[in-house]
Amino acid sequence: MARHLITSAIPYINGIKHLGNLVGSQLPADLFARYQRGRGHEVLFLCATDEHGTPAELAAAKAGQPVADYCAEMHAVQADIAQGFGLSFDHFGRSSSPANHALTQHFAGKLAERDLIREVSETQMYSHADGRFLPDRYIEGTCPNCGFDSARGDQCDNCTKQLDPVELINPRSVISGSTDLEMRATKHLYLRQSTMKDQLEAWIDSKTDWPVLTTSIAKKWLNDGDGLQDRGITRDLDWGIPVKRGQEDWPGMEGKVFYVWFDAPIEYIACAQEWVEAGKGQDWQRWWRTDMGAQDVTYTQFMGKDNVPFHTLSFPATILGSGEPWKLVDYIKSFNYLNYDGGQFSTSRGRGVFMDQALEILPADYWRWWLLSHAPESSDAEFTWDNFQASVNKDLADVLGNFVSRITKFCRSKFGETVPEGGSWGAQEAALMAELGQRLRAYEGHMEAMEVRKSAQELRAIWVAGNEYLQSAAPWSTFKENPEQAAAQVRMGLNLVRLYAVLSAPFIPFAADRLLEAMKCDDRSWPGDMQTALSALPVGHGFEVPEVLFAKITDEQREEWQARFAGQRS
RNA sequence: GGGCCUGUAGCUCAACGGUUAGAGCAGGGCGCUCAUAACGCCUUGGUUGGGGGUUCGAAUCCCUCCGGGCCUACCA
């Protein structure tokens, strides 16, 4: 039995995520976790909310809440929605947890001991009205290059020139609009990633099976310009993990916190501690410390492409730099973006479908199936309502749902709701089993390789094989002359339903549960030998005809949703 | 500006440098009647964005042009 540690990039706390966020990390991670569990392997699947940073503070202020309360509330909201989508996290933690505070400070202490942290004195824009330092993007002013009046402190959106906030003419705070700004001296800690460049590059180079998207982004950062740059890992904020060296105070760093991108990945480890604290597990070191049992763990991370630099470079620099035997990631699966109907999803403009809204209008499995079967693996993908309606109706309602319907209803009308006795399987059934066996191996291969779209295609082909079989076996005809033979064919059909439930569960877990319930079967064992797998429901086994598994999306619904989600979220 | 990804049938996507570029959907025809007007079989459809080159052989490798996207280190 293999052991799989699986993490999804942790979603930011400041609101409900859209479908693009979902398909970029949490959903494919869940697919992989469910598959590996289905195969009987030991899985620890972790995710959390990423709670620190300026946007969280601002969102809390806007909501009129203390930031800690705001985060606690939003964590609960996100956890609830995740559950609604069937995301099977073993634990959904929080980057603000005490465990992460302690562990982040621990790593900083180790890195400092090993001379991998340096202090840098710099000046940054301070806003008196806001009472805080402002990140470059939170300062706007007139572009010195083109005269655009809403240029941001890091870059002008109009002429794309890279800027320094001090270059802006008439700079103002994006938060308050105040122009009462000054450059103020401050001091920050930098992680000396540059000294680890060769080590990191050798490690990346050894990962020849990673997606191109992952390695090309990593190499770009390693070799662009002057090579890998040191990175500031502290910020002048109130909300965050106080800067300490282990448990010691850090002279000169009073009142400062670690940068979110330093503490967020560490939460992957802290989350396992939270998992134990929550009473869900026994021994987190067994998953994370190669000196304490994690040497046989395979660790896979899932994320959108914007997260790749931090997972390929910064976090590994933290792990390797500590000099301690932490488990390094084995495989990084990254995704492109999902666009919405000709443009981008936009949180601010309410454009596109957000996770809570998606669950309001349709069951999770509809979304899971479409998103996974169209996952943006090789390039950006696009959600359109036409495509969504067509795919879901065809694949789920017609191919799978109707298959279940026709075989169970036929059996009920001719033999009752019991697996019928009599007859035997012949050449036709042997051919079907041979095809299923072959397709199953292809499906497994794609799932192991995390080829999400190809897995979905193969699964669909497995469903289709059932319809082909019924069509050619035609038990409704056989029944007229040879009811025993028809019984054998129906037995095959009913057993296919159970098989499909098991194989489909990683993609559509809720429907899979309903199928197993209808078949009154709790045998979820992954098929080995087809003959055995298709005999799980024995003669005389009772079942119930399930309610319509997937209702079709109507044209009226599609049009209504298209209009509703075009922009301006209510 | 630089880097990376991408462009294949009406649509969404496949195709280790190697037969005649394949699937699903949509379109057309036929069949079936168990089923959610569902299913099955057959079928139309491509100068692989344009041009040039390497090669016995190019969707695939190289150059160039055109289109789309992403990243570019203080949003996370």
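Chain letters run A, B, ... following the sequence lines, proteins first, then strands; residues in each count from 1.
Here A:Val548 lies in heavy-atom contact (under 4.0 Å) with a base. Counting any heavy atom pair closer than 4.0 Å across all strands shown, A:Thr54 reaches sugar-phosphate atoms only and no base atom. A:Leu213 comes within 4.0 angstrom of nothing in the nucleic acid, heavy atoms only. A:Glu382 comes within 4.0 angstrom of no nucleic acid atom, judged by non-hydrogen atoms across all strands. Counting non-hydrogen atoms under 4.0 angstrom, A:Val308 reaches nothing in the nucleic acid. Among the heavy atoms of the strands lying under 4.0 Å from A:Asp306 is at least one base atom, whether or not backbone atoms are also near. Contact annotation for A:Glu451: no contact, since no heavy-atom pair falls under 4.0 Å across all strands. Contacts of A:Phe479 with the nucleic acid, taken as non-hydrogen atoms under 4.0 Å apart, are absent. Using a 4.0 Å heavy-atom cutoff across all strands shown, A:Asn387 reaches sugar-phosphate atoms only and no base atom. Note on A:Lys305: only backbone sugar-phosphate atoms sit closer than 4.0 angstrom, heavy atoms only; bases stay farther off.
Heavy-atom distances to RNA chain B give each of A:Glu547 and A:Ser373 a nearest nucleotide, and the one nearer the 5′ end belongs to A:Ser373. Between A:Asn339 and A:Gly53, the residue anchored closer to the 5' end of RNA chain B is A:Asn339, taking for each the nucleotide with the nearest heavy atom.
Shown here is A:Gln428, whose CD atom has more than 12 heavy atoms of other residues, nucleotides or ligands within 6.0 Å. Residue A:Glu547 places its CD atom among 12 or fewer non-hydrogen atoms of other residues, nucleotides or ligands, all under 6.0 Å distant.
At B:C71, one or more side-chain N or O atoms of A:Tyr337 fall inside 4.0 Å of OP1 or OP2 (strictly under the cut-off). For A:Tyr259 and B:A76, the shortest distance from a side-chain N or O to OP1 or OP2 is below 4.0 Å. Note on A:Arg412: every side-chain N or O is 4.0 Å or more away from OP1 and OP2 of B:A35. In terms of phosphate contacts, A:Ser378 brings a side-chain nitrogen or oxygen within less than 4.0 Å of OP1 or OP2 of B:A14. A sub-4.0 Å separation between OP1 or OP2 of B:G22 and a side-chain N or O of A:Lys454 is absent. For B:G24, neither phosphate oxygen OP1 nor OP2 lies less than 4.0 angstrom from any side-chain nitrogen or oxygen of A:Arg453. Phosphate contact (OP1/OP2 of B:C39, side-chain N/O of A:Lys394, threshold under 4.0 Å): present.
Across all strands shown, B:G1 forms a Watson-Crick or G-U wobble pair, both distances under 3.5 Å, with B:U72. In this entry B:U48 has no Watson-Crick or G-U wobble partner, no candidate having both defining distances under 3.5 Å. Base pairing analysis places B:C39 opposite B:G31; the two distances defining the Watson-Crick or G-U wobble pair are each below 3.5 Å. Across all strands shown, nothing is found opposite B:A15 as a Watson-Crick or G-U wobble partner with both distances under 3.5 Å. If you check B:G7 for Watson-Crick or wobble pairing at under 3.5 angstrom, you find it paired to B:C66.
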| task | Sugar-phosphate means primed atoms, P, OP1 and OP2; the rest is base. With that split, encode nucleotides 27-34 of chain B 5' to 3' as B, S or - using protein heavy atoms under 4.0 Å. | result | ----BSSB
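If you check the side chains of A:Glu201 and A:Asn223, you find a donor sitting under 3.5 Å from an acceptor. At a cut-off of 3.5 Å, with distance as the only test, a side-chain donor of A:Asn387 or A:Ser391 sits close to an acceptor on the other residue.
Nearest to the side chain of A:Gln344, among B:C25, B:G69, B:U36, sits B:G69.
For B:C41, its base never sits under 3.5 Å from the side chain of A:Glu468 at any donor and acceptor pair.
Protein atom CD of A:Gln457 is 7 Å distant from nucleotide atom C1' of B:C13, rounded to whole Å.
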